[in-house]
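Here's the structure we're looking at; comments come further down.
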Amino acid sequence: MRTHYCTDLDQNSVGEEVTLAGWVNSYRDHGGVIFIDLRDKSGLIQLVCDPADSTDAHKTASTVRDEFVLIAKGKVRLRKEGLENPRLKTGKIEVVVDSLRVENRSDPLPFTMGDPNVGEDIRLKYRYLDLRREDMFKTFELRSKAAIAARNLLDSLGFLEVETPILTKSTPEGARDYLVPSRVHNGEFYALPQSPQLFKQLLMIGGFDRYFQIAKCFRDEDLRADRQPEFTQIDVEMSFCTQEDVMGVAEDLLKAVFSACGHEIKTPFKRITYRESMEKYGNDRPDLRFSLELSDVIDLFENCESPIFAQIAQYKKLNRIKALKVPGGDTLFSRKTIKELESFVSRFGAKGLAYIQVKEEGLKGPILKFLPEDAVETMKSRLDLQVGDIVFFGAGERKIVWDYMGRLRTEVARRLDLIDDNRFEFVWVIDFPMFELEEGELHLKALHHPFTMPKNIDEDDLEAIDSMAYDVVLNGIELGGGSIRIHKLDIQQKVFKMLGISDEEAEEKFGFLLDALRFGAPPHGGFALGFDRLMMLIDKKESIRDVIAFPKTQSATCLLTRAPGPVEEEQLKELGIRIRKQPKTDASK
RNA sequence: GCGGUGGUAGUUCAGUUGGUUAGAAUACCGCCCUGUCACGGCGGGGGUCGCGAGUUCGAGUCUCGUCCACCGCGCCA
């Protein structure tokens with residue numbers, strides 16, 4: 001239909017007879033001559049419809065409105081001096097139309113395309129219009145390039161792309177499953193995969209040696225700016241490999257993807273153990289674009305005269321007293337700001353937020369009077385306190401302290417504008433504990449997943465058992481992770497037992513895996529990267545929805561298709577399903 | 001499930017202490033205009049103030065409930 005895309009044309013095309021196809025970006029009708037900015041995926045060019053050149057084309061042009069679909073034939077002409085538009089890539093030329101066809105009309109638009117203030121809900125309802133924007137096209141062009149780069153890199157390393165089932169059995173990633181009722185087996189359900197975890201392990205047992213997939217995954221949990229119920233991950237698994245081998249492949253992969261998106265990144269990435277990350281940054285996904293490390297000061301409170309702090313300092317294993325020094329913070333933070341920070345951490349379980357200001361005349365703060373002189377001196381040197389600094393303290397149960405002090409660290413950095421948005425700071429978090437003690441002692445939970453290889457399974461202290469698991473973190477966001485898997489039956493059985501999974505339950509849920517481990521399973525391991533999050537970070541978008549063509553709202557609906565929706569009674573009958581509660585009325589929709 | 005923010009014309013917004021017929025820009029319709037590029041000029045149409053109760057002589061404005069969207073918590077890699 002077309003001979004060129006709009007921005008294929010330039011001064012060298014002058015005199016050429018061309019056919020262009022696209023949408024009316026805008027039109028300017030002067031009564032005589034009519035100008036139309038024609039848009040296709042490449043960009044804009046100005047069409048000129050002059051009655052002197054073609055009365056028919058001019059007549060047609062006068063009926064044109066925004067977003068009409070046009071096919072225009074004409075000759076490329078250099079614009080006269082003074083008539084160029086430097087804001088257009090094709091601003092030095094224009095196309096004199098001799099034949100114009102309105103291929104399709106358009107109703108007036110429900111919103112102004114390109115207006116950055118238009119609400120996201122209306123853009124999602126008419127997503128196909130939103131996608132016509134240049135910025136959107138660029139985003140998905142980038143996403144496509146990244147996916148292709150990933151495929152090419154993995155292909156070059158001998159990985160085989162294999163598809164795994166969408167209708168499957170629940171794999172226990174810990175999240176809620178999306179269920180699909182079975183018609184053939186009334187009362188039974190498929191689950192959509194939370195990840196292809198067990199299938200990729202079976203592919204290794206199947207001897208494929210190296211597998212990858214750009215896989216859709218499903219988790220029925222509440223949404224966030226960086227979380228959708230269905231998302232895409234680059235899923236990789238390999239056999240006869242060490243943890244180092246796997247991490248090396250992940251780094252090569254990220255390097256290739258970033259390179260395809262125009263960013264050169266350095267490998268290998270930094271590494272930090274899980275425990276060090278928790279102690280220094282308060283979480284297992286540290287943002288290393290800024291420092292502001294947390295310091296341990298629990299020992300300084302041992303002889304503290306405040307009963308609360310002293311008591312906390314008694315139990316060093318489960319309690320923490322952490323200090324966050326903000327250089328220059330005393331001069332930068334007003335009393336109001338400090339109040340706001342206190343209220344900020346209280347949302348995450350902090351009972352208060354003690355602080356010490358470093359003034360010219362010495363330290364100032366209510367907790368000082370409880371501390372022995374030598375403890376204060378030690379603190380000064382340990383934290384290297386300078387005049388103008390402020391130090392915040394978090395004290396209590398370690399999980400809570402880590403959490404709110406880690407969040408405080410990020411919040412402080414945000415407020416002080418310490419975060420360089422143009423940096424990509426990768427870090428591997430390694431040596432995850434195998435188990436997490438839940439609510440007291442009895443209930444062990446797998447921190448990664450129950451197929452992760454423990455390092456020291458015979459250790460008596462269950463909390464001291466490490467796993468061969470690793471997460472890759474970018475700018476404080478978990479991009480992905482992986483592990484070396486258990487390939488020996490006895491270890492897998494032991495881990496299930498430790499997690500409180502009975503033989504019967506293990507057999508029912510993972511019998512096929514246990515079976516497979518009996519038949520010469522090779523050592524293997526792998527990783528998965530959240531592809532949407534990755535693209536969000538590379539493309540510097542605020543929300544994962546911006547890099548997904550048809551995303552869901554926070555309440556997991558699709559404003560475009562209005563999914564989920566009711567189904568015919570007949571469909572339910574076939575599935576053997578009866579709805580107990582009436583669905584809520586949709587009068588508001 | 002919880003906390004916060006928002007919802008007024010197709011869209012983006014304004015709307016004072018509760019007080020006359022709810023405004024602007026843009027889009028839309030009509031007329032005019034041969035060098036604009038966010039073209040311009042004149043005129044016009046367009047509102048269940050998210051929805052439902054309540055308080056009041058009177059509600060866009062106050063109260064309660066509810067729905068939708070977004071941000072976060074819980075949940076979830």
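To find a chain, count down the sequence lines: A is the first, B the second, and so on, and within it residues start at 1.
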Rounded interatomic separation in angstrom, taking CG from Asp222(A) and P from rG1(B): 9 Å
Would you call the rings of Phe424(A) and Phe426(A) parallel, tilted or perpendicular, taking 30° and 60° as the class edges? tilted
Hey, what do you get for OG (Ser42(A)) to CG (Leu9(A)), rounding to the nearest 0.5 Å? 8.5 Å
Rounded to the nearest 0.5 Å, what separation is found between the CD1 atom of Ile45(A) and the CG atom of Asn85(A)? 12.0 Å
Generate the contact string for nucleotides 30-39 of chain B. Rules: B means base contact, S means sugar-phosphate contact only, - means no protein heavy atom under 4.0 Å. ---BBBBBSB
Within this structure, what is the CG-to-P distance between Leu124(A) and rC68(B), rounded to whole angstrom? 15 Å
I want to confirm an ordering. Mapping Asp471(A) and Pro108(A) to their closest nucleotides on RNA chain B, which one lands closer to the 5' end? Pro108(A)
So, do Phe510(A) and Phe496(A) have ring centers that fall under 6.0 Å from each other? yes
On the nucleotide rA77(B), are OP1 or OP2 found under 4.0 Å from the side-chain N or O atoms that Arg224(A) carries? no
side-chain contact (heavy atoms from CB on, under 4.5 Å) partner of Phe269(A), the single match among Glu251(A), Met247(A), Glu425(A): Glu251(A)
Is there, by distance only and without an angle test, a donor paired with an acceptor across the side chain of Arg227(A) and the base of rC76(B) below 3.5 Å? yes
Figure out the CG/C1' separation between Leu129(A) and rG10(B), and round it to whole Å. 12 Å
Base, sugar-phosphate or nothing for Ile34(A)? Non-hydrogen atoms, less than 4.0 Å. nothing
Does Arg123(A) put a side-chain nitrogen or oxygen below 4.0 Å from OP1 or OP2 of rG10(B)? no
Say you pick atom C1' in rG47(B) and the same atom in rG23(B); how far apart are they, in whole Å? 11 Å
Could you tell me how far rG45(B) sits from rG4(B) if I compare only their C1' atoms? Round to whole Å. 40 Å
Whether Ser555(A) contacts rA69(B) is assessed here as follows: a side-chain N or O lying under 4.0 Å from the phosphate OP1 or OP2. Is that the case? yes
With a non-hydrogen cut-off below 4.0 angstrom, is Glu120(A) in contact with a base, only sugar-phosphate, or nothing? sugar-phosphate
Side-chain contact check for Thr553(A): nearest option of rC70(B), rU11(B), rC71(B) is rC70(B)
Would you call the rings of Phe344(A) and Phe348(A) parallel, tilted or perpendicular, taking 30° and 60° as the class edges? perpendicular
